[in-house]
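Working notes, structure below.
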There are 2 protein chains.
Amino acid sequence: MVYRATPLTESKKMECREKLLASGLKLVLEGGFGNITIIKVAQRSQVATGTMYRYFSSKGELCEDIFRTATEIELSKVAKTCQQPGTPTDRMNQTLTEFAQRAIKGRRLAYALIAEPVDSMLDETRLQFRRAYANHFSRLIEEGIQTGEFCEQPSMISATAIIGAISEALIGPLSPENCDPIESQKLTHDIVSFCLRALSAK
Amino acid sequence: MVYRATPLTESKKMECREKLLASGLKLVLEGGFGNITIIKVAQRSQVATGTMYRYFSSKGELCEDIFRTATEIELSKVAKTCQQPGTPTDRMNQTLTEFAQRAIKGRRLAYALIAEPVDSMLDETRLQFRRAYANHFSRLIEEGIQTGEFCEQPSMISATAIIGAISEALIGPLSPENCDPIESQKLTHDIVSFCLRALSAK
DNA sequence: CTAAAAAATGAACCATGATTCACTTCTTAA
DNA sequence: TTAAGAAGTGAATCATGGTTCATTTTTTAG
């Protein structure tokens, strides 16, 4: 008879994977993707560097996974608000406002997800998610054009411009490092107003 | 009597410095700041790596110099168009249109200057120049508010949003890799229209 | 308890690329 | 023409950080 050990159950394996992802996300929250190092991730997870390679084929895969997970959460929130009942204008207003407020609240993460320099591996993934954001906005814009609330316009270009405008104003290098709730509410309102004017002006 | 050689004339020194800067700029045009390597810059300039350190204290200084020079050229063009005679609307239209067209034409450089990931050394410089762009736009917006062509709005936030909108739409990852002149003209028109609507809608 | 397989370890290795510096070559005033 | 200093050289060094793998530890079926 041959003695053998069974592999860890999938859940056990996932547990360790999750631990590594969680540590990685923390590091991103603290200092962006540039703050991720195999050594740091391993230390935070109380694990040796070699162990990481049992769960991820490379640092890139780890980063991509962190990116994907975090972005999907944000994306699903955007999707949800976009599809609520109400006029396109109202929905756009709410979607952008909440999008902006979340970005302000989690400025570091928002910057890492939307704008931070990452190596080309992530660029592809980021591109994919930007398209996804833009698609949501674009659909909403088209609805607004249908109802006559928004003027005729190429919806995808406007959607892209909106993403750029919000990103730049909120998390770009020009934005204030911190602002109190009142300030940030005003900032959000101003930038969302800007976007809505662009959408609806005749 | 002590024999001595005189240092190279300033112009001679500048000549070599310029050669290095020119090679560096070429490399940026070809593949962004990430494409700059001391070795490559030296090779292009037909010079040894050590020689570079006679003219620049570090790679960062070289990059910063390239960045600064290229940006100042663009900035002066923006400034010039901003200050032409005409209504604020017309001037804004022309400024943004030309800004966008130059960005499309020199996409790689534009990307490198506006958006490309660079190390923190350059971030400070980039911030400075973004402020400079935004200030030009902001002043023009305020003029427009005075004349009543533009609605009441926080001019600096709008200016920032405009920069973001154009950057994202033109050189962000969503933009088409290349487009023929007709396409790019339409793209420019669409995005500039977006910005002008945001500025002037009541 | 035992042995075989799985899992974990972390020091060594490797790749990249900036920076240095002992040495060679060039320039110029005398 | 010459010697002192300037300029140039590029191989060696350093720094960072990802990846590997021979070895040790843990787990589990029997």
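All values reported here derive from a predicted model rather than from experimental measurement. Order of the sequence lines fixes the chain letters, A, B, ..., with proteins taken first and strands second; residue numbering starts at 1 for each chain.
Following rounding to the nearest Å, B:Arg54 (CZ) and C:dT19 (P) show an atom-to-atom distance of 16 Å. If you measure from atom CG of A:Leu20 to atom P of C:dT9, you get 10 Å, rounded to the nearest angstrom. Atoms CD1 (B:Ile39) and P (D:dA11) sit 10 Å apart, rounded to a whole Å. The CD atom of A:Glu61 sits 15 Å away from the P atom of D:dG18 (whole-angstrom rounding). Between B:Gln43 atom CD and D:dA11 atom P the separation is 11 Å, expressed in whole Å. The interatomic distance linking A:Ile38 (CD1) with C:dA11 (P) rounds to 17 Å, in whole Å. In this structure, CE of B:Met52 is placed 7 Å from P of C:dT19, rounded to the nearest angstrom. Between the NZ atom of A:Lys59 and the C1' atom of D:dT20 there is a distance of 17 Å, rounded to whole Å.
B:Gln84 CD: more than 12 foreign heavy atoms inside a 6.0 Å radius.
Using a cut-off of 4.0 Å between Lys/Arg side-chain N and Asp/Glu carboxylate O, A:Arg44 and A:Glu30 are scored as salt-bridged.
Picking from D:dG8, D:dT9, C:dT19 the nucleotide with the shortest atom distance to the side chain of B:Tyr53 gives C:dT19. Taking the side chain of A:Thr37 as heavy atoms from C-beta on, and the options C:dT19, D:dG17, D:dT19, the nearest nucleotide is D:dG17.
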Practice item. Mind running side chain to side chain donor-acceptor pair (under 3.5 Å) on B:Glu98 and B:Gln94 for me, showing each step along the way? Key: CA-CA 6 Å; B:Glu98 289 177 8; B:Gln94 199 188 345; 2.9 Å; yes
Check your understanding: Going through the checks in order, is the side chain to side chain donor-acceptor pair (under 3.5 Å) test met by B:Arg197 and A:Gln153?
Key -> CA-CA 11 Å; B:Arg197 289 199 303 273; A:Gln153 60 195 290; 3.0 Å; yes
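Contacts of B:Thr49 with the nucleic acid, taken as non-hydrogen atoms under 4.0 Å apart, include base atoms. Residue-level contact check: A:Leu62 touches neither bases nor backbone, having no heavy atom under 4.0 Å from any strand. Using a 4.0 Å heavy-atom distance criterion, B:Thr51 is classed as a base contact.
The phosphate of D:dG8 (OP1 or OP2) has a side-chain N or O of B:Tyr55 nearer than 4.0 angstrom.
Ring geometry for B:Phe99 against B:Phe137 counts as perpendicular: the plane angle is over 60°, on a 0 to 90° scale with 30° as the lower cut.
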